[in-house]
Amino acid sequence: MDDDFGKDEL
Amino acid sequence: MNVFRLAGDVSHLVAIIILLLKIWRSKSCAGISGKSQVLFALVFTTRYLDLFTVFISVYNTVMKVVFLALSYATVYLIYMRFRNSYNSENDTFRVEFLLVPVIGLSFLENYAFTPLEILWTFSIFLEAVAIMPQLFMITKTGEAESITTHYLFFLGLYRALYIANWVWRYHTESFYDLIAIVSGVVQTIFFCDFFYLYFTRVLRGRGKMTLP
(Lines give C-alpha, C1' and ligand atoms only; values in the text may rest on other atoms or scores of the structure.)
Protein backbone atom coordinates (compact mmCIF):
# COMPACT_ATOMS: atom_id res chain seq x y z
CA MET A 1 0.00 0.00 0.00
CA ASP A 2 1.33 3.44 -0.90
CA ASP A 3 1.96 5.88 1.87
CA ASP A 4 -0.60 8.25 0.40
CA PHE A 5 -3.22 5.52 0.54
CA GLY A 6 -4.80 5.93 3.93
CA LYS A 7 -1.82 6.10 6.26
CA ASP A 8 -2.57 9.71 7.02
CA GLU A 9 -5.49 8.47 9.11
CA LEU A 10 -4.88 7.80 12.76
CA MET B 1 -8.71 16.06 6.17
CA ASN B 2 -12.41 16.72 6.46
CA VAL B 3 -14.68 17.77 9.29
CA PHE B 4 -15.74 14.18 10.12
CA ARG B 5 -12.15 13.01 10.34
CA LEU B 6 -11.13 15.97 12.52
CA ALA B 7 -14.15 15.54 14.78
CA GLY B 8 -13.37 11.82 15.00
CA ASP B 9 -9.81 12.45 16.07
CA VAL B 10 -10.95 15.01 18.63
CA SER B 11 -13.51 12.55 20.01
CA HIS B 12 -10.81 9.92 20.30
CA LEU B 13 -8.57 12.35 22.15
CA VAL B 14 -11.42 13.45 24.43
CA ALA B 15 -12.21 9.81 25.26
CA ILE B 16 -8.63 9.03 26.23
CA ILE B 17 -8.29 12.23 28.29
CA ILE B 18 -11.61 11.59 30.10
CA LEU B 19 -10.38 8.16 31.16
CA LEU B 20 -6.95 9.39 32.21
CA LEU B 21 -8.37 12.30 34.23
CA LYS B 22 -10.98 10.06 35.86
CA ILE B 23 -8.29 7.67 37.07
CA TRP B 24 -5.95 10.50 38.08
CA ARG B 25 -8.53 12.53 40.01
CA SER B 26 -10.24 9.63 41.77
CA LYS B 27 -6.87 7.88 42.28
CA SER B 28 -8.71 4.74 41.29
CA CYS B 29 -9.13 2.63 38.19
CA ALA B 30 -12.07 0.66 39.59
CA GLY B 31 -14.35 -0.52 36.82
CA ILE B 32 -11.73 0.01 34.13
CA SER B 33 -10.43 -2.95 32.15
CA GLY B 34 -6.65 -2.85 32.25
CA LYS B 35 -6.64 -5.46 29.52
CA SER B 36 -8.48 -3.18 27.08
CA GLN B 37 -6.04 -0.38 27.86
CA VAL B 38 -3.02 -2.63 27.26
CA LEU B 39 -4.57 -3.70 23.94
CA PHE B 40 -5.05 -0.05 22.93
CA ALA B 41 -1.42 0.71 23.81
CA LEU B 42 -0.45 -2.26 21.64
CA VAL B 43 -2.70 -0.94 18.84
CA PHE B 44 -1.00 2.45 18.85
CA THR B 45 2.47 0.95 19.14
CA THR B 46 2.09 -1.38 16.16
CA ARG B 47 0.24 1.16 14.01
CA TYR B 48 2.50 4.14 14.55
CA LEU B 49 5.81 2.47 13.73
CA ASP B 50 5.68 4.55 10.55
CA LEU B 51 6.66 7.50 12.75
CA PHE B 52 10.18 6.26 12.08
CA THR B 53 9.80 5.71 8.33
CA VAL B 54 7.59 8.42 6.79
CA PHE B 55 6.64 11.98 7.61
CA ILE B 56 3.03 12.79 6.74
CA SER B 57 2.28 16.07 8.52
CA VAL B 58 2.94 17.88 11.78
CA TYR B 59 -0.66 17.15 12.82
CA ASN B 60 -0.21 13.46 12.07
CA THR B 61 3.07 13.16 13.98
CA VAL B 62 1.88 15.15 16.99
CA MET B 63 -1.38 13.19 17.31
CA LYS B 64 0.43 9.86 17.04
CA VAL B 65 2.92 10.81 19.75
CA VAL B 66 0.12 12.12 21.98
CA PHE B 67 -1.98 8.96 21.57
CA LEU B 68 1.04 6.79 22.33
CA ALA B 69 2.02 8.81 25.40
CA LEU B 70 -1.52 8.96 26.80
CA SER B 71 -2.18 5.26 26.27
CA TYR B 72 1.04 4.29 28.04
CA ALA B 73 0.27 6.75 30.85
CA THR B 74 -3.15 5.09 31.28
CA VAL B 75 -1.59 1.62 31.46
CA TYR B 76 0.98 2.93 33.96
CA LEU B 77 -1.71 4.38 36.21
CA ILE B 78 -3.75 1.16 36.16
CA TYR B 79 -0.98 -1.38 36.67
CA MET B 80 1.56 0.59 38.68
CA ARG B 81 0.39 3.72 40.42
CA PHE B 82 -3.18 2.79 41.33
CA ARG B 83 -2.92 -0.98 40.98
CA ASN B 84 -4.55 -1.48 44.40
CA SER B 85 -7.84 -0.23 42.97
CA TYR B 86 -7.65 -2.39 39.84
CA ASN B 87 -10.52 -4.94 39.75
CA SER B 88 -8.49 -7.75 38.24
CA GLU B 89 -11.05 -10.27 39.50
CA ASN B 90 -13.63 -8.79 37.13
CA ASP B 91 -11.22 -8.19 34.24
CA THR B 92 -11.24 -11.81 33.20
CA PHE B 93 -11.70 -11.62 29.45
CA ARG B 94 -9.36 -14.09 27.75
CA VAL B 95 -7.26 -11.79 25.59
CA GLU B 96 -5.65 -14.69 23.74
CA PHE B 97 -9.04 -15.38 22.14
CA LEU B 98 -8.70 -11.98 20.48
CA LEU B 99 -4.97 -11.98 19.80
CA VAL B 100 -4.68 -15.36 18.08
CA PRO B 101 -7.35 -14.75 15.41
CA VAL B 102 -6.21 -11.15 14.93
CA ILE B 103 -2.59 -12.21 14.39
CA GLY B 104 -3.72 -14.93 12.00
CA LEU B 105 -5.99 -12.59 10.03
CA SER B 106 -3.33 -9.90 9.71
CA PHE B 107 -1.00 -12.42 8.05
CA LEU B 108 -3.74 -13.59 5.70
CA GLU B 109 -5.36 -10.30 4.75
CA ASN B 110 -3.03 -7.35 4.24
CA TYR B 111 -1.95 -4.87 1.57
CA ALA B 112 1.64 -6.12 1.44
CA PHE B 113 3.45 -9.00 3.11
CA THR B 114 6.00 -6.78 4.85
CA PRO B 115 6.57 -6.45 8.61
CA LEU B 116 5.28 -2.87 8.82
CA GLU B 117 2.16 -3.61 6.75
CA ILE B 118 1.36 -6.76 8.73
CA LEU B 119 1.79 -4.86 12.01
CA TRP B 120 -0.37 -2.02 10.66
CA THR B 121 -3.08 -4.53 9.67
CA PHE B 122 -2.75 -6.23 13.05
CA SER B 123 -3.34 -2.88 14.75
CA ILE B 124 -6.44 -2.19 12.66
CA PHE B 125 -7.97 -5.60 13.40
CA LEU B 126 -6.98 -5.46 17.07
CA GLU B 127 -8.51 -2.01 17.55
CA ALA B 128 -11.82 -3.38 16.29
CA VAL B 129 -12.02 -5.80 19.23
CA ALA B 130 -9.84 -4.15 21.89
CA ILE B 131 -12.83 -2.72 23.78
CA MET B 132 -14.31 -6.18 24.33
CA PRO B 133 -12.63 -6.81 27.72
CA GLN B 134 -14.10 -3.49 28.93
CA LEU B 135 -17.61 -4.27 27.67
CA PHE B 136 -17.28 -7.78 29.09
CA MET B 137 -16.33 -6.33 32.47
CA ILE B 138 -19.41 -4.07 32.46
CA THR B 139 -21.61 -7.00 31.54
CA LYS B 140 -20.06 -9.08 34.31
CA THR B 141 -20.44 -6.50 37.07
CA GLY B 142 -23.74 -5.23 35.65
CA GLU B 143 -22.84 -1.57 36.05
CA ALA B 144 -20.50 1.22 35.02
CA GLU B 145 -19.80 4.61 36.52
CA SER B 146 -21.19 7.42 34.41
CA ILE B 147 -17.73 8.81 33.71
CA THR B 148 -16.70 5.43 32.32
CA THR B 149 -19.74 5.49 30.06
CA HIS B 150 -18.80 8.99 28.84
CA TYR B 151 -15.39 7.56 27.92
CA LEU B 152 -17.05 4.75 25.98
CA PHE B 153 -19.44 7.18 24.32
CA PHE B 154 -16.63 9.33 22.92
CA LEU B 155 -14.71 6.23 21.86
CA GLY B 156 -17.76 4.97 19.98
CA LEU B 157 -18.43 8.43 18.56
CA TYR B 158 -14.88 8.49 17.18
CA ARG B 159 -15.53 5.25 15.30
CA ALA B 160 -18.87 6.45 13.95
CA LEU B 161 -17.31 9.72 12.75
CA TYR B 162 -14.56 7.79 10.98
CA ILE B 163 -17.23 5.93 9.02
CA ALA B 164 -18.71 9.29 8.00
CA ASN B 165 -15.18 10.33 7.03
CA TRP B 166 -14.82 7.28 4.78
CA VAL B 167 -18.18 7.89 3.13
CA TRP B 168 -17.08 11.49 2.52
CA ARG B 169 -13.69 10.46 1.14
CA TYR B 170 -15.25 7.84 -1.10
CA HIS B 171 -17.51 10.44 -2.68
CA THR B 172 -15.02 13.31 -2.88
CA GLU B 173 -11.70 11.50 -3.51
CA SER B 174 -12.87 8.05 -4.68
CA PHE B 175 -10.72 6.84 -1.82
CA TYR B 176 -11.41 3.75 0.22
CA ASP B 177 -9.37 1.49 2.43
CA LEU B 178 -11.22 -1.80 2.69
CA ILE B 179 -9.32 -3.23 5.68
CA ALA B 180 -9.91 -0.08 7.71
CA ILE B 181 -13.56 0.22 6.65
CA VAL B 182 -14.56 -3.37 7.42
CA SER B 183 -12.75 -3.29 10.78
CA GLY B 184 -14.16 0.13 11.58
CA VAL B 185 -17.72 -0.98 10.88
CA VAL B 186 -17.25 -4.10 13.02
CA GLN B 187 -15.83 -1.97 15.82
CA THR B 188 -18.72 0.48 15.63
CA ILE B 189 -21.27 -2.35 15.78
CA PHE B 190 -19.82 -3.40 19.16
CA PHE B 191 -20.78 0.04 20.46
CA CYS B 192 -24.39 0.01 19.24
CA ASP B 193 -25.73 -1.89 22.24
CA PHE B 194 -23.76 0.38 24.53
CA PHE B 195 -25.03 3.53 22.75
CA TYR B 196 -28.59 2.36 23.35
CA LEU B 197 -27.96 1.92 27.08
CA TYR B 198 -26.06 5.21 27.24
CA PHE B 199 -28.91 7.24 25.78
CA THR B 200 -31.71 5.44 27.59
CA ARG B 201 -30.06 5.21 31.02
CA VAL B 202 -27.03 7.41 31.58
CA LEU B 203 -28.38 10.57 29.96
CA ARG B 204 -31.55 10.30 32.02
CA GLY B 205 -29.49 11.56 34.90
CA ARG B 206 -28.66 8.42 36.83
CA GLY B 207 -25.29 8.18 38.46
CA LYS B 208 -24.47 4.80 37.07
CA MET B 209 -25.37 2.70 34.13
CA THR B 210 -26.90 -0.51 35.41
CA LEU B 211 -27.81 -3.38 33.20
CA PRO B 212 -31.23 -4.98 33.48
Side-chain angles (χ1 to χ4, degrees), chain A, chain B residues 1-2 4-6 8-13 16 43-44 47-51 53-68 71 110-114 116-118 120-121 123-124 127 158-159 161-163 165-166 168-170 173-181 183-184:
Chain A
M1 190 169 82
D2 296 332
D3 290 329
D4 58 353
F5 186 72
K7 294 297 175 72
D8 63 314
E9 292 185 347
L10 297 165
Chain B
M1 180 65 80
N2 56 63
F4 302 111
R5 163 72 204 287
L6 184 63
D9 288 346
V10 170
S11 294
H12 198 180
L13 195 59
I16 293 171
V43 163
F44 290 135
R47 186 175 308 167
Y48 297 160
L49 289 171
D50 63 354
L51 276 172
T53 59
V54 286
F55 176 78
I56 294 161
S57 65
V58 172
Y59 172 83
N60 189 277
T61 301
V62 169
M63 289 296 268
K64 283 175 174 172
V65 171
V66 167
F67 282 146
L68 276 167
S71 68
N110 51 57
Y111 292 126
F113 203 75
T114 60
L116 271 186
E117 278 299 329
I118 291 170
W120 178 84
T121 312
S123 83
I124 295 287
E127 189 188 353
Y158 140 65
R159 291 318 313 185
L161 285 165
Y162 254 70
I163 292 178
N165 157 56
W166 291 324
W168 179 265
R169 291 190 74 176
Y170 182 73
E173 309 165 33
S174 298
F175 164 91
Y176 68 96
D177 177 341
L178 208 54
I179 289 180
I181 291 172
S183 311

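Residue numbers start from 1 in every chain, and the chains themselves are labelled A, B, ... in the order their sequence lines are given, proteins ahead of strands. Bear in mind the structure is a predicted one, so any value in this text is a computation, not a measurement.
Atom OH of B:Tyr59 sits in a crowded spot, with more than 12 heavy atoms from other residues, nucleotides or ligands closer than 6.0 Å.
Interface remark: of the candidates B:Met63, B:Glu127, B:Arg5, B:Arg47, B:Arg5 forms the most heavy-atom pairs closer than 4.5 Å to chain A.
A heavy-atom distance below 4.5 Å is found between the side chains of B:Thr53 and B:Leu116.
B:Glu173 and B:Trp168 are not linked by any side-chain donor-acceptor pair at a separation below 3.5 angstrom, with hydrogens and angles left out of the test.
Contact annotation for B:Asn60: both backbone and side-chain heavy atoms come within less than 4.5 Å of a heavy atom of chain A. B:Asn110 does not touch chain A: none of its heavy atoms, backbone or side chain, sits under 4.5 Å away.
Ring planes of B:Phe44 and B:His12: tilted class, angle from 30 to 60°.
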